[in-house]
There are 2 protein chains.
Amino acid sequence: MARRAPQRTSGPRASSRRDALETQARLLDAAGRLFAAKGFQETSVREICSAAEANVAAVRHHFGSKGGLYRTIVLRSHQGLLEHDPLPRFRDGDDPAAALGRAIEHLLRVTLVRRTGHPYAGQLFAHELRSPTAALDELLEKFLKPLRAEFARIVAALLQDADSPRLRGHCTTFVIGLCVFHELGKEPLKRFGFPPPQRESDVPRLARLVTQFAHAGILSLRQTT
Amino acid sequence: MARRAPQRTSGPRASSRRDALETQARLLDAAGRLFAAKGFQETSVREICSAAEANVAAVRHHFGSKGGLYRTIVLRSHQGLLEHDPLPRFRDGDDPAAALGRAIEHLLRVTLVRRTGHPYAGQLFAHELRSPTAALDELLEKFLKPLRAEFARIVAALLQDADSPRLRGHCTTFVIGLCVFHELGKEPLKRFGFPPPQRESDVPRLARLVTQFAHAGILSLRQTT
DNA sequence: GGCTATGTCAAACGCCCGTTTGACTTATAC
DNA sequence: GTATAAGTCAAACGGGCGTTTGACATAGCC
């Protein structure tokens, strides 16, 4: 059971606190990129550490575990999202149609485009929608719940007298689905020649189409049987 | 390196061709259920064989590999789908609004409800949409492509003079997204208190809402800027 | 009878996974 | 100077995975 002593092959390495922060940063960067591209389950610790030029034990040392690293990334992405792209608030008296347009453009943007401050939030979020894990109810609670509530308020204003919990719920699901499907169904859409926009500048055009479509849909449900 | 001889613990088992078919059937049944519930990657061969009361080697013997078993299941599900729930065809002269309603109800039904003849097709399809693998382009080609083409023809008829490849493509994506999102986003929807219908009898009501919403949305895009 | 093909089984193979170990190096505190 | 804490590293641990092995049992055929 005698453990062979590790043999130093290269020269001595620095190990100050500053190096530690750099290692953490490299791990966060590589892991964020890989988790966003392939999801938690499909990304291995060895893969992350290889990309980050770090030792596998660094994950445990700095983040406790693979899950801890992932949680850190999701949390920071969400934090960056809140800071750089706050959800536009719909206030009483605002034009609900305009608010719908703003909310849809916002959701499409943060879902599809790599934004500074939270470059992977959209893809991480999409992976969580696809297959939520226990560790990530937090994301649903902190991000998706307020987002859905915001859409629901706009939808309620548009439905006017026809508003009811059931109808509002369905409409809200429809609108969010219209936006999120572009990311969720990205792969099949690509294969059929309709790749969702990835550039900032292409979002408004799609947002206008979705908004017009959704707005007309909601209004039509005011006269429902 | 001497391999210990396997010791028979229970009495002799029959091993006729009829038994073989039964074993295959048990494997297909258990694997279909598990693959549909958890996806290919997250389901292990040992798990399948345990549920099917079969030996792990049976998978290789009857289907070549785990992938072969999965391919068989996807293929049979698609076959059953074609036989039991053929896609309603939109013919020239049909009312496009009615055709849209039929197509939407069809897609919601086969996606959400466990149908006899292909009980797992919808969920298997959703798993493939989430994370397609090379082995399953076949499903996209055989099922999703004709489906999308059918929706596209209905959309084109509804758009009338405003029809263009780009607008038709977007509208088609919107409509399919509206239907499929109920399955793709099932988990979050459940957590927010809006579980998608699982019973046959609940589908028409949702289908009517989606159809009205989508119909109004498409018509509104006839006057686009 | 004997022969072959087919099916089943427990056990093992080889690989990859996340995690852990313990020696080593360095920065900081006393 | 010495002790302590922090960081890095190669190597191993323990377990799950899909797959493979080879003995054994049975069915159909000569």
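Reminder, nothing fancy here: chain letters follow the sequence lines and each chain counts from 1. Any value given below was found using the heavy atoms of this structure, including those in side chains, with hydrogens, waters and symmetry copies removed.
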Worksheet item: For A:Glu138 and A:Arg71, what are the C-alpha separation, side-chain angles and deciding distance, and is it a salt bridge (charged side-chain N to carboxylate O under 4.0 Å, His left out)?
Response: CA-CA 10 Å; A:Glu138 191 180 0; A:Arg71 241 170 284 125; over 6 Å; no

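Atom-to-atom, CG of A:Leu27 to P of D:dG7 comes out at 13 Å; the value is rounded to the nearest Å. The distance from atom CG of A:Leu21 to atom C1' of C:dT26 is 16 Å, rounded to the nearest whole Å. In this structure, B:Lys66 places its NZ atom 8 Å from P of D:dT19, rounding to the nearest Å. Atom NE2 of A:His62 and atom C1' of D:dA6 are 9 Å apart (whole Å). Here D:dC13 presents its P atom at 16 Å from CZ of A:Arg60, a figure rounded to the nearest Å. When the P atom of C:dC17 is taken as reference, atom CD of A:Gln41 falls 11 Å away, rounded to whole Å. Atom NE2 of B:His61 is separated from atom C1' of C:dC9 by 12 Å (rounded to the nearest Å). Nucleotide C:dC17 holds its P atom 13 Å from the CZ atom of A:Phe40, rounded to whole Å.
Among D:dG7, C:dT20, D:dT19, the nucleotide with an atom closest to any side-chain atom of A:Ala20 is D:dG7. The listed nucleotides are C:dG18, D:dT21, C:dT20; the one nearest the side chain of A:Ser44 is C:dG18.
Looking at which nucleotide of DNA chain C each of A:Gly67 and B:Arg26 is closest to, the 5′-most match is held by B:Arg26.
Counting non-hydrogen atoms under 4.0 angstrom, B:Val56 reaches a base of the nucleic acid.
Every pair passing side-chain hydrogen bond (donor to acceptor under 3.5 Å, both in side chains) that includes a residue from residues 112-129 of chain B is listed here, sequence neighbours excluded: B:Tyr70-B:Glu128, B:Asp85-B:Arg115, B:Asp85-B:His118, B:Arg115-B:Glu200.
Shown here are the side-chain contact (heavy atoms from CB on, under 4.5 Å) partners of A:Pro165, two or more places apart in sequence or in another chain: there are none. For B:Arg166, there are no salt bridge (charged side-chain N to carboxylate O under 4.0 Å, His left out) partners at least two apart in sequence or on another chain.
DNA chain D is contacted by B:Arg46 of residues 46-55 of chain B, taking any non-hydrogen atom closer than 4.0 Å. Within residues 31-39 of chain B, no residue has any heavy atom under 4.0 Å from DNA chain C.
Side-chain contact check for A:Ile218 versus A:Val175: some heavy-atom pair is nearer than 4.5 Å.
Here A:Thr23 reaches the OP1 or OP2 of D:dT8: one of its side-chain N or O atoms lies under 4.0 Å away.
In the displayed structure, B:Arg76 atom CZ is contacted under 6.0 Å by at most 12 heavy atoms of other residues, nucleotides or ligands. Counting heavy atoms of neighbouring residues, nucleotides and ligands inside a 6.0 Å radius, atom CD of A:Gln198 does not exceed 12 of them.
A:Thr173 and A:Arg148 share a side-chain donor-acceptor pair at under 3.5 Å.
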Taking only distance into account, with no hydrogens and no angle test, what donor-acceptor pairs under 3.5 Å do side-chain atoms of residues 178-186 of chain B form with protein atoms, sequence neighbours excluded?
| residue | atom | partner | partner atom | Å |
| --- | --- | --- | --- | --- |
| B:His182 | ND1 | B:Leu178 | O | 2.9 |
| B:His182 | ND1 | B:Cys179 | O | 3.4 |
| B:Glu183 | OE1 | B:Lys186 | NZ | 3.2 |
| B:Glu183 | OE2 | B:Lys186 | NZ | 3.4 |

